[in-house]
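Note sheet for the following structure.
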Amino acid sequence: MVFGDFNHTGKAFPFSIPSRYQFTQNILHSPDALDLRDAMANLPFHTNLTVNDDSQLADCDVVISTLGKSKLVDTPDHDRFAEFKFTRTQVPLVAKKLVDNGFHGKLVDVTNPCDVITSMYQKLTGLPKNHVMGTGTLLDSARMRACVGEALHVDSRSVVGFNLGEHGNSQFTAWSTVRVLGKRVLDLVDERHLDLTDMEERARQGGYMVYKGKKYTNYGVATAAVRLTNALLSDARTEMPVSNYREEYGTYLSYPAVVGRDGVVEQLHLDLTAAEKEKLATSAKYIKDRLAAEEQRAAQQDA
């Protein structure tokens, strides 16, 4: 595996991986490699660390992109697109490096804005669409499940359901998919005095609330990416809401998919309400419009 760019998020990955899973080799682009080497003697699994050797890319199973400048997100609307002015300049450089060194594995994008960047990586590398995916709303869904769990005093892992669409402000909680305590959460609203609007907003703004406290986020998204990576490498065929290319919407967006060694091996088709379908279409259009604007800007710059 390769971990690119060691911001706060990127630093959390290579430590989380060998502390929980047994993988052969991590290729790092960071001075943190020495610090990680020193940790190996006290971790449960041994991992070989390779530093700044792009020639190893051809043999890599997974590349994880964590490029970003989280301080740019400190805006009134808490929009992840604020990072785009930085990440849009770096992603083409990373993609070229992958192509030039013969990478043909799976690419996991964490870089924001996640859905647009995932689209850019796929187009720039030419990798199959099902081999390029983003963490997307895997984290946002976890935040929603935590909110529901807290409200009902149950473990968040006992809550099933999804946030869909953009990993950003146009995402939404598909409450028709959420189940807990053996029931649809919609059937518990009156009985348990649940405020779904508040929980949805807290899930959407969860990242900013963490950012407001420590000026970056890392553990939640790192855990989501580790889970996704493990599903890829272990051929787990796990159902999870990740950013994957949906033909019916013509874009990458977060929607449940089954993930295994061949990437996205199956796409789900949820029985959404009419209102949820409309929200998803709106989110998809927003992603496509932002990507089209970037492609137009890049074309004009190259002209």
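Just so you know, residue 1 is the first one in the sequence shown, and it goes up from there.
Between atom OG of residue S119 and atom CG of residue L253 there is a gap of 9.0 Å, rounded to the nearest 0.5 Å. Remark: S243 OG to Q122 CD distance equals 11.5 Å, nearest 0.5 Å. Interatomic distance, SG of C60 versus NE2 of H104, reported as 9.5 Å (0.5 Å rounding). One distance of note links NZ of K288 with CG of D115; it measures 13.0 Å at 0.5 Å rounding. In this structure, the separation between OG1 on T251 and CZ on R290 is 13.0 Å, given to the nearest 0.5 Å. A distance of 9.5 Å separates CG in D61 from CG in L232, rounded to the nearest 0.5 Å.
Here the shortest heavy-atom pairing between S141 and G161 reads CB-O, 4.1 Å. The two residues V116 and L291 make their nearest non-hydrogen contact at CG1-CD1, 3.9 Å. Minimum interatomic distance between L194 and A151 (heavy atoms only, all atoms of both residues): CD2-CB, 3.9 Å. Taking both residues in full, the closest heavy atoms of P92 and L124 are given as CA-CD1, 3.8 Å, listed atom of the first, atom of the second, then distance.
Taken together through direct or relayed side-chain contacts under 4.5 Å among Ile, Leu, Val, Met, Phe, Trp and Tyr, V154 and L196 form part of one hydrophobic cluster. Linking ILVMFWY side-chain heavy atoms closer than 4.5 Å, directly or via other members, places V94 and V99 in two distinct hydrophobic clusters. Clustering ILVMFWY residues whenever any of their side-chain heavy atoms sit less than 4.5 angstrom apart, transitively, puts Y255 in a cluster other than the one holding V178. Neither L93 nor V63 shares a network with the other; the hydrophobic side chains, linked directly or stepwise wherever heavy atoms of I, L, V, M, F, W or Y lie under 4.5 Å apart, form separate groups for each.
Other residues, nucleotides and ligands contribute at most 12 non-hydrogen atoms within 6.0 Å of the CD atom of E247. Annotation for D100: atom CG counts as buried by contact number, over 12 foreign heavy atoms lying within 6.0 Å. Crowding of D38 atom CG: a count of heavy atoms from other residues, nucleotides or ligands under 6.0 Å exceeding 12.
A side-chain donor-acceptor contact under 3.5 Å links T111 and S65. Side-chain polar atoms of E166 and S254 form no donor-acceptor pair below 3.5 angstrom. A donor-acceptor pair shorter than 3.5 Å can be found between the side chains of D140 and H167.
Remark: V148 engages M144, L152, V159, W175, V180, V185, M199 in a side-chain contact (heavy atoms from CB on, under 4.5 Å) (not counting sequence neighbours). Listed by chain and residue number, A231, S234, T238 satisfy the side-chain contact (heavy atoms from CB on, under 4.5 Å) test with A236 (two or more places apart in sequence, or in another chain). Shown here are the ring-ring contact (aromatic ring centres under 6.0 Å, His included) partners of Y245, two or more places apart in sequence or in another chain: Y252. Not counting sequence neighbours, R179 has no partner by the salt bridge (charged side-chain N to carboxylate O under 4.0 Å, His left out) test. Under the rule for a side-chain contact (heavy atoms from CB on, under 4.5 Å), the partners of D289 that lie at least two apart in sequence or sit in another chain are K285. With sequence neighbours left out, the salt bridge (charged side-chain N to carboxylate O under 4.0 Å, His left out) criterion links D187 to R184. Residues meeting the side chain to side chain donor-acceptor pair (under 3.5 Å) test with N163, sequence neighbours left out: Q171, T173. Scored by the side-chain contact (heavy atoms from CB on, under 4.5 Å) test, T177 finds F162, A174, L270, L272 as partners (sequence neighbours excluded). Listed by chain and number, the residues in a salt bridge (charged side-chain N to carboxylate O under 4.0 Å, His left out) with E201 are R204 (sequence neighbours excluded).
Counting only heavy atoms from C-beta outward, the side chains of Q267 and R246 approach each other to under 4.5 Å. Residues P113 and T87 meet the side-chain proximity criterion, which asks for heavy atoms closer than 4.5 Å. In this structure the side chain of R143 never reaches within 4.5 angstrom of the side chain of Q205, judged on heavy atoms. Residues R227 and L138 form a side-chain contact, since some pair of their non-hydrogen atoms from C-beta on lies under 4.5 Å apart. A 4.5 Å side-chain heavy-atom check between L107 and V62 finds every atom pair outside the cut-off. The side-chain heavy atoms of R297 and R88, taken from C-beta on, include a pair separated by under 4.5 Å. For the pair V242 and L228, the minimum side-chain heavy-atom distance is below 4.5 Å.
Without hydrogens or angle criteria, N230 side chain to V226 main chain gives no donor-acceptor distance under 3.5 Å. A donor-acceptor contact shorter than 3.5 Å links the side chain of D53 to the backbone of S55. Although no hydrogens or angles enter the test, the distance criterion places a donor-acceptor pair under 3.5 Å between the side chain of E276 and the main chain of T273.
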#### Entry: Stepwise side-chain contact (heavy atoms from CB on, under 4.5 Å) test for I287 and Y249
CA-CA 10 Å; I287 295 167; Y249 293 104; over 6 Å; no
### Intermediate values then yes/no, side-chain contact (heavy atoms from CB on, under 4.5 Å), T118 and V132
CA-CA 7 Å; T118 305; V132 181; 3.8 Å; yes
### Query
Please walk me through it: do T135 and C114 pass side-chain contact (heavy atoms from CB on, under 4.5 Å)?
CA-CA 7 Å; T135 47; C114 185; 4.3 Å; yes
#### Entry: Verdict with reasoning, L67 to V110, per side-chain contact (heavy atoms from CB on, under 4.5 Å)
CA-CA 8 Å; L67 293 162; V110 181; over 6 Å; no
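Applying the salt bridge (Lys or Arg N to Asp or Glu O under 4.0 Å) rule to pairs touching residues 118-134 yields K123-E295, sequence neighbours excluded. Residue pairs satisfying the side chain to side chain donor-acceptor pair (under 3.5 Å) criterion with at least one member in residues 147-156, sequence neighbours excluded, are listed as follows: D155-R157.
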Can I get a per-line list of side-chain donor-acceptor pairs under 3.5 Å for residues 258-266, giving both atom names and the distance, sequence neighbours left out?
from, atom 1, to, atom 2, distance (Å)
R261, NH2, L233, O, 2.3
D262, OD1, H131, NE2, 2.8

